[in-house]
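A note on names: the letters A, B, ... follow the listed sequences, proteins ahead of strands, and every chain is numbered from 1.
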Amino acid sequence: MTEDLNQVMKVRRQKLEDLRARGVEPFAYRFQRTHKASEARNLFEERERGGLLDADGFGPVVRVAGRIRSFRAHGKTAFAHLEDDSASIQIYFRKDILGEQAFEVVLDLLDLGDWLGVEGGLFRTRMGEVTVRVASFQVLSKSLRPLPLGKVEEDAQSGQRIVHGDFTDLEGRYRQRYADLAVHPEVREVFRKRARIVSALREFLDEEGFLEVETPVLQPLYGGASARPFVTRHHALDRTMYLRIADELYLKRLVVGGFEKVYEIGKDFRNEGIDRFHNPEFTMLEFYQALADYQDMMELVERLLVRVADRSLGTRVFHYQGEEIRLTPPFRRLRFLEALGEALGSDPLDLPERELRRRAESLNLPELEGAGRGKLLDKLFGALVQEGLRQPTFVMDYPKELSPLAKVHRQDPRLTERFELIIAGQEVANAFSELNDPLDQRRRFEEQTGLRARGDEEAQLMDEDYLRALEYGLPPTGGVGIGVDRLVMLLTDQPSIRDVILFPVLRNVE
RNA sequence: GGGCCGGUAGCUCAGAUGGUAGAGCAACGGACUUUUAAUCCGUAGGUCGCGGGUUCGAGUCCCGCCCGGCUCACCA
């Protein structure tokens, strides 16, 4: 590492040497902690209420550890805050307790950002804060690079946390997520919530009797969605391979195999634009249930979302970017054609492709080359209807061209039995009664091949092995895909997908 | 990919009309035995995203590029 060291880093390296010169190991092996910060505070307050403090107002001795978050020296005493993953707690150093040598280490060789373990009695300061009076301490890890720490002020009345000079540069925060996390407890909380959401998804599906499976990420042929793939090469096999864009076709193969309820939570990869709602790799949940149709799946999705909200938020009513969202079943059902017809002023299926294209062009929707009827309808729907769907809404019964893997609608052969769940204008789930007629599926693939020939790069590929599986017999099956990152954004009130992905994709900088 | 905005000290930011870079916090030295954005005195710290150009002189003006944010598009 030949990087220039700035002044602060040079000083810290010097302190590292000084610590060693005094026989203090700056990178400890372990520390026996008795309490987390929040536990220590609770313990003290409990004893205090019970009148169990000693004559000098001291409670029990605890051993706490964390990162030094603030430091205030006052000559022969010093105050600091140690932050761990539960909270932060104030610690108090006194020269007369620690002795000259140790106190010198505190004043001269500790820095903000260092990991420190301390042992001492709990008491309440004159200003009312529960504090550890340090009897001994151990340097756990010397921080050699200054963290972008803001200065935290706590509003005495509201208890609100005000940070001065906070680390706000988004690029820096995404590129160095470790620093972002280290200085922002609220960012850590978003990702804890994400973990709870994913756990709740698993818990619900497990309870419902779904089997969790893992299907290939690296695939000889991609499919199950309309998207451009990442292409790679296997050297030993000397062949092109693709990162999956969806789990769908493999999961349905498993239903053919006799697993009647399966699900997978995993990464999909789509080689497309990056923005607030799209990261090239993202987390997808897909689940499939034999003998069920899309109506059954709507009901299941309602129950699943309610469970996830209960488990992760403790409420079914929450705010997303200032807007109240109510996850209270039954969600609204809206037919795709009726909604679009209302917006267009006539039945979309009666309009010739030429007219649809004219309407789309008049809305300034570009990139229409190669778009067939289906894509035109979808674009018009996206532009005219979807944004306005704020509360949870199942949009149902999509045109056939749009859904090459969905079963034809039992009452209208121009449609498929498919729904998308829209919340706050964003697609959260996509589902259908799965197409299980192998002959029809072959025709649909052929139509896609036609679209591809017209220039639609996202049209789906013929998958002979999948067709063979269908020929063995796929029972009636309902299937659902849920974009986990989008769901997490909603439930954690985050404006960008980058805020719910720990290490989002960014361009490289040299 | 288009449009708009931005990149100045470790962090947050200020630098009218071009004159050779500043503040707060962090750091360093000193004072201070219950402070909490501690306070007080002092010190140090910058390839102004990168590369060209105009000019006696560029953080500032011009051109190109890199990176980011928002937005439109893309994205079932």
Side-chain angles (χ1 to χ4, degrees), chain A residues 4-12 14-15 69-81 88 90 92-97 103 108 111-113 123-129 131 133 145-156 162-175 179 183 224-228 245-246 270-280 282 336 364-368 374-375 377-379 381-383 386 395 398-399 401-406 416 418-420 422 427 429-432 457-458 460 481 483 495-496 498 506-510:
Chain A
D4 282 343
L5 299 181
N6 66 38
Q7 187 188 23
V8 176
M9 291 177 69
K10 281 181 187 149
V11 167
R12 292 205 177 181
Q14 185 57 50
K15 288 178 178 178
R69 195 60 230 261
S70 67
F71 192 85
R72 297 172 292 284
H74 297 272
K76 297 189 178 61
T77 67
F79 289 90
H81 276 93
S88 71
Q90 184 167 253
Y92 175 48
F93 300 97
R94 289 178 65 110
K95 189 174 186 176
D96 57 4
I97 292 176
F103 192 72
D108 297 343
D111 286 296
L112 297 181
F123 72 109
R124 193 181 282 282
T125 63
R126 207 180 279 161
M127 300 300 287
E129 181 161 349
T131 300
R133 192 176 67 178
R145 184 183 288 270
L147 278 169
L149 284 167
K151 217 159 176 172
V152 180
E153 176 185 19
E154 217 157 280
D155 190 279
I162 304 163
V163 185
H164 304 270
D166 192 18
F167 181 41
T168 54
D169 174 58
L170 283 177
E171 182 176 359
R173 290 178 48 206
Y174 297 144
R175 285 195 195 282
V183 304
S226 305
R228 292 172 54 182
I245 58 173
R270 297 187 184 176
N271 204 341
E272 287 163 350
I274 300 175
D275 66 21
R276 211 149 68 78
F277 297 101
H278 300 269
N279 193 62
F282 60 100
F336 180 93
N364 278 326
L365 301 175
E367 308 264 341
L368 295 170
K375 202 147 194 182
L377 290 171
D378 191 43
K379 279 175 179 293
F381 186 88
Q386 183 165 327
V395 176
Y398 282 66
E401 306 95 305
L402 272 178
S403 317
L405 301 166
T416 51
R418 169 180 169 192
F419 72 81
E420 286 192 5
I422 310 294
E427 178 197 335
N430 178 32
F432 18 92
E457 281 189 71
E458 291 165 352
Q460 301 194 20
S496 168
R498 293 178 210 104
L506 298 176
R507 278 191 174 79
N508 276 335
V509 274
E510 285 307 311

Could you list all N or O pairs between the protein and nucleotides 42-44 of chain B that sit under 3.5 Å apart?
{"unit_1": "B:A44", "atom_1": "O2'", "unit_2": "A:Q7", "atom_2": "NE2", "d": "3.1"}

Kindly point out which of [options] is positioned nearest to the side chain of [X]?
X	options	value
A:E153	B:A76, B:A37, B:U33	B:A37
A:A225	B:A38, B:A27, B:A76	B:A76
A:F79	B:C70, B:C67, B:U34	B:U34
A:N430	B:A76, B:U35, B:A73	B:A76
A:L112	B:G68, B:A27, B:C32	B:A27
A:H81	B:U36, B:G69, B:U34	B:U36
A:V11	B:C74, B:C28, B:C67	B:C28
A:D96	B:A27, B:C67, B:U33	B:U33
A:R418	B:U36, B:G69, B:A76	B:A76
A:L506	B:G69, B:A76, B:A37	B:G69

How many angstroms lie between [atom1] in [X] and [atom2] in [Y], if you round to the nearest 0.5 Å?
X	Y	atom1	atom2	result
A:E401	A:L377	CD	CG	6.5 Å
A:T125	A:Q90	OG1	CD	6.0 Å
A:H81	A:R72	NE2	CZ	5.5 Å
A:E272	A:S226	CD	OG	9.5 Å
A:N271	A:I245	CG	CD1	11.0 Å
A:L402	A:E420	CG	CD	9.0 Å

*Classify the angle between the aromatic ring planes of A:F79 and A:H74 as parallel (below 30°), tilted (30 to 60°) or perpendicular (above 60°).*
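Correct class here is perpendicular.
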Would you say [X] reaches [N]'s phosphate, i.e. side-chain N/O to OP1/OP2 under 4.0 Å?
X	N	answer
A:K151	B:A37	no
A:R72	B:U35	no
A:R498	B:C70	yes
A:R126	B:U35	yes
A:R12	B:A27	no

Give me, pair by pair, the N or O atoms of the protein and of nucleotides 10-13 of chain B that are less than 3.5 Å apart, along with how far apart they are.
{"unit_1": "B:C11", "atom_1": "O2'", "unit_2": "A:G165", "atom_2": "O", "d": "2.7"}
{"unit_1": "B:C11", "atom_1": "O2'", "unit_2": "A:D166", "atom_2": "O", "d": "3.4"}
{"unit_1": "B:U12", "atom_1": "OP1", "unit_2": "A:T168", "atom_2": "N", "d": "3.4"}
{"unit_1": "B:U12", "atom_1": "OP1", "unit_2": "A:D169", "atom_2": "N", "d": "3.0"}

Look at the side chain of [X] and the base of [N], then say whether one donor and one acceptor between them are separated by less than 3.5 Å.
X	N	answer
A:T125	B:U35	yes
A:D111	B:A27	no
A:D275	B:C74	yes
A:E154	B:U36	no

Under a 3.5 Å limit for both distances, which nucleotide forms a Watson-Crick or G-U wobble pair with [N], could you say?
N	result
B:A58	none
B:C50	B:G64
B:U39	B:A31

Separation of [X] atom [atom1] from [N] atom [atom2], in whole Å?
X	N	atom1	atom2	value
A:Q90	B:A38	CD	P	10 Å
A:R94	B:C32	CZ	C1'	14 Å
A:R173	B:G7	CZ	C1'	17 Å
A:F123	B:U35	CZ	C1'	10 Å
A:K10	B:A26	NZ	P	22 Å
A:F277	B:A73	CZ	C1'	14 Å
A:E272	B:A73	CD	P	15 Å
A:F71	B:A26	CZ	P	12 Å

Report which part of the nucleic acid [X] touches: base, sugar-phosphate, or nothing (heavy-atom distance under 4.0 Å, all strands).
X	answer
A:P404	base
A:Y92	base
A:Q14	nothing
A:A73	base

Taking atom [atom1] in both [N] and [M], what distance in whole Å separates the two?
N	M	atom1	answer
B:C63	B:U17	C1'	23 Å
B:U12	B:G7	C1'	14 Å
B:G30	B:G51	C1'	46 Å
B:A37	B:U33	C1'	22 Å
B:G2	B:G57	P	35 Å

Checklist line | Listed partners of A:T168 passing side chain to side chain contact (heavy atoms under 4.5 Å, CB included), at least two apart | finding: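 A:T168: side chain to side chain contact (heavy atoms under 4.5 Å, CB included) contacts with A:D166.
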Anti versus syn assignment for B:A16, with syn defined as within 90° of 0:
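Chi for B:A16 falls in the syn range.
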5'-most by nearest nucleotide on RNA chain B - A:K76 or A:G224:
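Upstream on the strand: A:K76.
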**Earlier contact from the 5' end, RNA chain B, for A:D378 and A:T131** =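 The residue mapped nearer the 5' terminus is A:T131.
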Residues which pass salt bridge (charged side-chain N to carboxylate O under 4.0 Å, His left out) with A:R228, listed by chain and number, not counting sequence neighbours:
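A:R228 satisfies salt bridge (charged side-chain N to carboxylate O under 4.0 Å, His left out) with A:E457 only.
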Considering residues at least two apart in sequence or located in another chain, which fulfil the salt bridge (charged side-chain N to carboxylate O under 4.0 Å, His left out) criterion with A:R173?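 Testing A:R173 for salt bridge (charged side-chain N to carboxylate O under 4.0 Å, His left out), a comparison that skips the adjacent residues, returns A:D180.
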Just by modelled atom types, is the A:N430 backbone N or O under 3.5 Å from a matching donor or acceptor in the A:R418 side chain?
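A pair under 3.5 Å: no.
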ask   = A:R69 side chain to A:V152 main-chain N or O, any donor-acceptor pair under 3.5 Å?
value =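 Not a single qualifying donor-acceptor pair exists.
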Can you sort out the partners of A:Y174 under ring pair (Phe, Tyr, Trp, His ring centres under 6.0 Å), two or more places apart, ordered by chain and number?
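With neighbours one apart ignored, the set is empty.
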